[in-house]
There are 2 protein chains.
Amino acid sequence: MQELVPVPITASNFTEFGSVIETENADQREINAGTTIRFHDLATIDVSDNNGHPIVSIFRGIPRTFPLEIVMLERHPLGSQAFYPLGNQPYIVVVASSGQDGLPETLRAFYALPSQGVNYNKGVWHHPLICCGSVSEFLVIDREGEGDNLEEFRLPNHKKSSLVLPRD
Amino acid sequence: MQELVPVPITASNFTEFGSVIETENADQREINAGTTIRFHDLATIDVSDNNGHPIVSIFRGIPRTFPLEIVMLERHPLGSQAFYPLGNQPYIVVVASSGQDGLPETLRAFYALPSQGVNYNKGVWHHPLICCGSVSEFLVIDREGEGDNLEEFRLPNHKKSSLVLPRD
């Protein structure tokens, strides 16, 4: 099984899949009489298809053990999904671009810091939450509404991968 | 000047003003093959008036010194505004109900834990972010769109208050 090694996530290497929610390089605005900096509009929340609306939830994930076999991906065809970590643990993001048949192509893995959230664009194939180290919570902004917003795809054997932690 | 002493925030004592975003008493769903609990739909995000849409930002606030004179409130007439703390500091929420003239009535102060976010309902009078102890960051979900979504009101002298920290 091929090995998948995460690289540090950045706005530019993740742009095909969505946004990195972070203060770095953000539009900064001083508000509240100088007592607050607003890092403005860090992700494209896209949930209005088919009368959808945004909801806020908390996800609490148990830590995975590595190497982790990546055997499936999922996607939300009707809306984006944003995760922002609430604790001090890094986490791992596995995504894939879609081929002409709409199915996942090459898998990519990213390592995100506790100061980095991610927002998957609508329809982007991704693995369910991969927590590291300890039980981790995330604030999640996604879509509620009519229609089936979850597709799951079981990877064929030649695309299954063994996700390892970065070596540094 | 009257003294304003915060009480611990709860879903029930804050219901007139908005929601407390917390796992306690939430609708829990097991997802991701049992590796994640989803605490589902914890706040009413209400940002669609006048073609508004939801945005995600990070606010970084400097800690206040107490007692803090509360001399103004603000409100967002076109949308809700949610705050979730990203660090380990508690914070203070000051709100007021609206009178028949639409102006703030009695001030109320609440003390929120690092595991509690708040969502101000559309149009609720509130004080700008009040951080305690150290520089604190919050994930904020509010509205972007046409129209003027900020009203500020300078309190008359008899409503100005001196906000103190809880005594316990």
Side-chain angles (χ1 to χ4, degrees), chain A residues 19 21-23 26-48 53-64 68 72 74 80 82 84-88 114-115 117 119 127-131 135-144 150 152, chain B residues 19 21-23 26-48 53-64 68 72 74 80 82 84-88 114-115 117 119 127-131 135-144 150 152:
Chain A
S19 341
I21 302 170
E22 59 186 349
T23 56
D27 170 13
Q28 294 188 30
R29 305 176 178 188
E30 191 178 284
I31 60 170
N32 297 347
T35 62
T36 305
I37 301 170
R38 180 182 178 119
F39 300 90
H40 184 71
D41 193 4
L42 305 174
T44 301
I45 305 301
D46 175 11
V47 296
S48 60
H53 63 273
I55 59 171
V56 174
S57 302
I58 290 174
F59 280 21
R60 179 184 293 162
I62 60 173
R64 306 287 187 148
L68 176 68
M72 62 81 69
E74 65 178 35
S80 59
Y84 198 93
L86 300 178
N88 294 315
S115 58
N119 184 45
H127 194 273
L129 189 58
I130 302 174
C131 301
V135 171
S136 305
E137 293 189 346
F138 294 76
L139 202 69
V140 174
I141 302 126
D142 60 4
R143 177 190 177 276
E144 183 87 307
L150 176 63
E152 292 177 316
Chain B
S19 340
I21 302 170
E22 60 185 348
T23 55
D27 170 12
Q28 293 188 29
R29 303 176 180 189
E30 192 179 283
I31 61 170
N32 299 346
T35 62
T36 305
I37 301 170
R38 180 183 178 118
F39 299 92
H40 185 72
D41 195 3
L42 305 174
T44 301
I45 305 300
D46 175 10
V47 296
S48 61
H53 64 273
I55 59 171
V56 174
S57 303
I58 291 174
F59 281 20
R60 179 184 293 161
I62 60 174
R64 306 285 188 151
L68 175 68
M72 61 82 68
E74 64 179 33
S80 59
Y84 198 94
L86 300 178
N88 294 314
S115 59
N119 184 45
H127 194 273
L129 189 58
I130 302 173
C131 300
V135 170
S136 305
E137 292 190 346
F138 293 76
L139 201 70
V140 175
I141 302 129
D142 61 4
R143 176 189 178 279
E144 183 88 308
L150 176 63
E152 291 178 315

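What you see below is based on every heavy atom in this structure, not just the backbone, and it leaves out hydrogens, waters and symmetry mates. Numbered from 1 within each chain, the chains take letters A, B, ... in sequence-line order.
Among A/Ile21, A/Asn88, A/Thr23, the residue making the largest number of heavy-atom pairs under 4.5 Å with chain B is A/Thr23. Each of B/Thr44, B/Asn32, B/Leu129 has some count of heavy-atom pairs under 4.5 Å with chain A, and the biggest count is that of B/Asn32.
By the 4.5 Å heavy-atom criterion applied to side chains, B/Ile58 and A/Tyr84 are counted as neighbours. Proximity of A/Leu139 to B/Ile141: side-chain heavy atoms (C-beta onward) are separated by under 4.5 Å at one or more points. Side chains of A/Val56 and B/Asp41 form no contact here, defined as non-hydrogen atoms less than 4.5 Å apart.
Residue contact with chain A, scored on non-hydrogen atoms closer than 4.5 Å, is absent for B/Gln28. Interface residue B/Arg64: only side-chain heavy atoms are found under 4.5 Å from chain A. Using a 4.5 Å cut-off between heavy atoms, A/His40 touches chain B through backbone and side chain atoms alike. Neither the backbone nor the side chain of B/Pro63 comes within less than 4.5 Å of any heavy atom of chain A. For a residue to count as touching a neighbouring chain, one of its non-hydrogen atoms must lie under 4.5 Å from one of that chain's; by this rule B/Asp142 touches chain A with the side chain only.
The side chain to side chain donor-acceptor pair (under 3.5 Å) search around B/Asn119 returns none, not counting sequence neighbours.
Among all heavy-atom pairs drawn from B/Arg38 and A/Ser57, the shortest one is NH2-OG, 3.4 Å.
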